[in-house]
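Everything on this sheet refers to the single structure shown next.
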Amino acid sequence: MQTRREMLTRSATVVGLLAAAGLLPQTAQAAWSQAAFEAKSVADAVKALGGAAPVESRDVTITGPDIAENGAVVPVGCATALPGVKRLLLLVEKNPSALAAVFDITDAVEANVNTRVKMGQSSNVVAVAMMSDGKVLFAQKEIKVTLGGCGG
Amino acid sequence: MKTFVVGMAAMLGALGIARAQGKSVVEGIAEYRKMLEDGNPADLFEAKGESLWKTPRGPKNATLEQCDLGKGQGVVKGAFVELPRYFADTKKVQDLETRLVTCMETLQGFNGADIAKTPFGRGEQANVTALATWIAAESRGMRFSLPQGRVEEKKSYEIGKRVFFYRAGPYDFSCATCHGQDGKRIRLQDLPMLTKNPGDGIGFAAWPAYRVSNGEMWSMQLRLNDCFRQQRLPYPNFGSEATIALGTYMGVNAKGAESIAPSIRR
Amino acid sequence: MADPMRIRAQVAGDKATVRVLMSHEMETGQRKDVAGKTIPAWFIQEVTAALNGKTVMTAQWGPSVAKNPFLQFTIKGAKAGDKIAISWLDNRGDKRTDEAAIT
Amino acid sequence: MKKPIRIVIAAGAVVAIIAGCATQQAPSSQDFDREAQAVMKASFRDQGIAKVDRLDQDLGQAACSSNKPPSDAVAERIMVEARASVKWPAGGQYFGDWREGEKLAQDGRGMTWTDSSAATSANGGSCYNCHQISKAEISFGTIGPSLYNYGKNRGVTDLGAPAAQGVIEYTWMKIYNGKTSNACSNMPRFGHAGVLDQKQMTDLMALLLDPKSPVNQ
């Protein structure tokens with residue numbers, strides 16, 4: 001996707017270069033894909049990010065517990081050994097907005113990220129890999145939640 | 001907080017099954033808890049606490065580095081596993097948090113009574129929690145050994161024991177109702193048996209702890225405060241003698257238990 | 001100002017595993033306070049990771065990332081002493097950058 | 001404190017003092033008892049519906065406030081007084097709706113300082129906190145005994161049968177005031193303390209005893 005704003009203040013040179021090239025968004029918020037984060041379904045979120053219809057693939061792995069004691073904090077991870085990964089996505093199917101996180105992968109990092117998400121209820125959690133050849137691959141796992149993490 | 005029990009029950013009820021993907025629920029939850037241990041957000045509070053200790057603050061613009069936590073001025077390592085203990089300057093048995101407030105008052109010029117009145121998680125009270133988190137972390141892996149050599153320390157234990165067994169309120173609960181027997185649980189929560197050493201990193205040896213359920217750092221004073229809330233008793237004042245005595249009782253009982261504080265709890 | 005992050009970066013072979021904890025409410029905008037008023041959304045939207053000043057990964061987050069977020073990833077070709085910097089920017093425009101040396 | 005401190009409390013001493021029975025006991029222990037009372041009073045304040053008068057103990061609470069059980073005589077007195085306190089359901093209507101009973105059993109709310117009302121309608125029964133009840137609920141506590149198949153195990157097949165009457169009355173007493181059968185029962189006295197009203201208790205009765213309740217499947 002488009003070049004993202006460089007947030008390190010000491011990288012002023014880089015920022016200057018980006019601005020000169022007309023690649024720097026007007027505001028930081030402009031770089032945030034609002035439509036994708038407002039999408040209600042996994043497919044809509046991927047579409048909003050410019051991806052094709054996702055295809056289930058064994059080459060993508062989703063990690064997480066089978067059961068989460070508390071939906072407020074659910075450890076999840078997304079990985080693939082395939083070359084040419086552009087982006088990794090983590091989504092929670094039954095959350096009010098499905099998309100939780102988007103990671104733009106470079107050659108300098110492995111296509112393997114872990115974070116923690118909130119889950120309102122038991123749901124499929126989906127890991128998506130958007131590839132440089134345009135393919136969109138996904139893996140999913142059901143995580144049961146004993147206590148919802150989005151309420152009071 | 002109050003929706004916790006209801007919510008948890010409703011969700012588990014909705015699952016309607018005793019096993020999730022081949023593992024028992026208990027095994028599944030143990031796996032979940034294990035996953036959270038690497039990357040305990042208590043680390044954030046620990047870092048904040050260390051910085052608060054070393055940064056000049058308050059009306060006197062002083063650091064806390066001269067604070068005596070019981071092992072001499074400025075000695076932090078090992079202090080946590082010997083508290084509560086008697087302090088000659090205040091002529092009181094103090095727990096970690098009340099001792100910190102004393103130091104914030106004497107060294108930094110804060111008003112201790114104001115801090116005590118501040119709700120948990122706010123203002124200087126949040127700083128006390130962060131400081132306690134760091135100080136506890138500095139004794140991680142050490143074993144509890146509260147001094148009981150002084151009359152005041154023995155008295156604190158005896159009072160604490162009586163507070164522990166004190167039954168009152170609309171539900172007739174005491175601390176002992178839930179924590180006086182081995183191997184019991186509330187819903188799926190294991191209850192530490194606190195009238196003896198409950199084991200390494202269990203009960204008194206696990207707090208302060210990061211609470212996953214609300215994303216808050218809970219000190220021992222707040223842990224006890226919420227126990228009394230759930231006992232349906234009135235509100236224990238911050239640093240009250242009853243809460244400190246309970247700390248002495250649990251801490252002395254935990255003699256030899258390894259401290260894992262700050263831990264992560266559901 | 002936001003509290004500092006905790007960054008741990010450890011080398012194993014020619015890779016470094018980076019673990020980051022950030023201090024942030026990550027308020028969803030869907031909860032109500034005791035008075036029944038909606039608590040406004042407040043969450044980290046963008047995260048950048050840089051190795052010795054060069055961006056190696058960026059991320060966009062929504063409000064369903066958990067409070068006090070945790071992030072783990074692996075950098076290739078990193079060695080002890082290299083500097084890893086993490087920055088975040090939230091929907092209010094607050095930001096924070098912290099740096100740590102890989103050990 | 002000049003006297004040597006006795007760490008070990010003489011058995012029954014605490015209870016005897018509180019119960020007002022003059023017996024010989026270690027003076028230091030008495031001092032601690034008195035002091036602990038004073039410490040409790042000085043350490044708490046009112047918050048919301050939870051006022052400091054909740055610290056006042058009745059006989060049953062005071063006598064069960066140590067690691068030693070009360071004497072047989074005191075225990076007997078507590079149980080006799082508890083039985084006398086029980087109010088029986090109006091018109092002998094012991095049974096409500098087990099579905100409502102299940103909801104109450106699941107509901108752990110009530111009577112804390114974060115609850116806005118102490119009215120019975122704001123309270124649950126907290127039953128699953130301590131008991132297994134219906135088989136479907138896997139998240140149950142173990143402080144109390146399992147109540148799964150409570151009615152079935154006691155041979156209750158017809159709520160109107162004379163043979164069931166004894167179990168029905170016992171169960172009502174247990175919910176109303178558990179001290180009727182165990183002086184230091186861990187269970188809240190739901191009826192006696194005004195935590196649950198008569199209707200709510202009949203719903204719990206149905207949950208436990210109705211042959212149609214999931215508890216008895």
Side-chain angles (χ1 to χ4, degrees), chain B residues 1-6 8-13 15-18 25 148 151-152 154-155 157-174 176-178 180-181 183-189 191 195 228-237 240-245, chain D residues 1 5 7 9 14 28-29 32-33 35-37 39-40 42-48 50-57 60-62 64-67 106-115 118 124 126 128-130 136-143 179 184-189 193-195:
Chain B
M1 280 304 292
K2 74 177 174 187
T3 52
F4 167 68
V5 172
V6 191
M8 176 161 175
M11 292 308 301
L12 273 176
L15 301 184
I17 49 140
V25 167
Q148 280 281 285
V151 168
E152 295 86 349
K154 289 182 182 129
K155 181 179 133 186
Y157 179 88
E158 288 298 323
I159 301 289
K161 183 180 190 176
R162 284 156 179 77
V163 173
F164 187 85
F165 285 97
Y166 194 99
R167 293 187 73 167
Y171 283 21
D172 297 335
F173 287 162
S174 68
T177 307
C178 289
Q181 300 172 78
K184 299 291 180 186
R185 59 178 214 227
I186 286 184
R187 290 282 185 164
L188 289 175
Q189 290 300 312
L191 296 163
T195 61
F228 281 120
R229 186 184 69 87
Q230 295 187 66
Q231 272 181 60
R232 276 75 183 176
L233 289 192
Y235 193 98
N237 296 312
S240 60
E241 193 176 345
T243 57
I244 292 171
Chain D
M1 212 61 53
I5 309 298
I7 305 281
I9 305 167
V14 181
S28 59
S29 183
F32 289 140
D33 291 340
E35 188 132 5
Q37 292 281 338
V39 164
M40 286 301 287
S43 293
F44 291 80
R45 63 168 168 79
D46 292 349
Q47 175 86 358
K51 311 290 188 203
V52 289
D53 63 9
R54 288 190 180 185
L55 296 172
D56 299 340
Q57 295 176 307
Q61 291 171 328
C64 299
S65 285
S66 86
N67 53 350
Q106 291 282 2
D107 188 347
R109 282 176 302 179
M111 306 301 267
T112 72
W113 70 62
T114 46
D115 292 303
S126 309
Y128 280 103
N129 282 1
C130 298
E137 179 53 87
I138 54 167
S139 174
F140 58 84
T142 58
I143 294 173
K179 288 181 180 291
C184 291
S185 167
N186 280 328
M187 195 163 110
R189 293 170 284 179
V195 175

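Throughout, a chain's letter reflects where its sequence line sits, starting with A, and its residues are numbered from 1.
- When the candidates D/C184, D/S185, D/G141 are compared by the number of heavy-atom contacts under 4.5 Å with chain B, D/G141 comes out ahead.
- Looking at D/V195, the atoms closer than 4.5 Å to chain B (heavy atoms on both sides) all sit in the side chain, from C-beta outward.
- For B/C178 against B/I186, the heavy-atom pair with the smallest separation is SG-CD1, 3.5 Å.
- Taking chain B as the reference chain and counting heavy-atom pairs below 4.5 Å, the highest number among D/A36, D/A42, D/A193 is found for D/A36.
- The candidate from D/A50, D/C130, D/S126 with the greatest count of non-hydrogen atom pairs under 4.5 Å with chain B is D/A50.
- Between D/V39 and B/A242, the closest heavy-atom pair is CG1-N, 3.5 Å.
- Ranked by heavy-atom pairs under 4.5 Å with chain B, the first of D/M40, D/Q47, D/R54 is D/R54.
- Only the side chain of B/Q181 comes within contact range of chain D, with heavy atoms under 4.5 Å apart.
- Partners of B/F228 according to the ring pair (Phe, Tyr, Trp, His ring centres under 6.0 Å) rule, which considers only residues two or more places apart in sequence or in another chain, are D/F44.
- Note: B/G169 leads B/G160, B/A176, B/G183, B/G169 in heavy-atom pairs under 4.5 Å with chain D.
- In this structure, the separation between CD on D/E35 and CD on B/E241 is 6.5 Å, given to the nearest 0.5 Å.
- Of the listed residues (B/D172, B/L233, B/I159), the greatest number of heavy-atom pairs within a distance under 4.5 Å of chain D belongs to B/D172.
- When each of B/T243, B/V163, B/T195, B/N237 is scored by its heavy-atom pairs under 4.5 Å with chain D, the top score falls to B/N237.
- A donor-acceptor pair is defined here as one N or O able to donate and one able to accept, closer than 3.5 Å; such a pair exists between the side chain of D/T142 and the backbone of B/R185.
- The residues B/R162 and B/E158 are annotated as salt-bridged, a charged nitrogen and a carboxylate oxygen being separated by less than 4.0 angstrom.
- Ranked by heavy-atom pairs under 4.5 Å with chain B, the list D/R45, D/K179, D/M187, D/R189 is led by D/R45.
- Remark: the B/T177 side chain and the B/R167 side chain contain no N/O donor-acceptor pair separated by less than 3.5 Å.
- Annotation: maximal heavy-atom pairing with chain B below 4.5 Å, among D/Q61, D/K51, D/M111, occurs at D/Q61.
- Here the straight-line distance linking atom CG of D/D46 with atom CG of D/D53 works out to 7.5 Å at 0.5 Å rounding.
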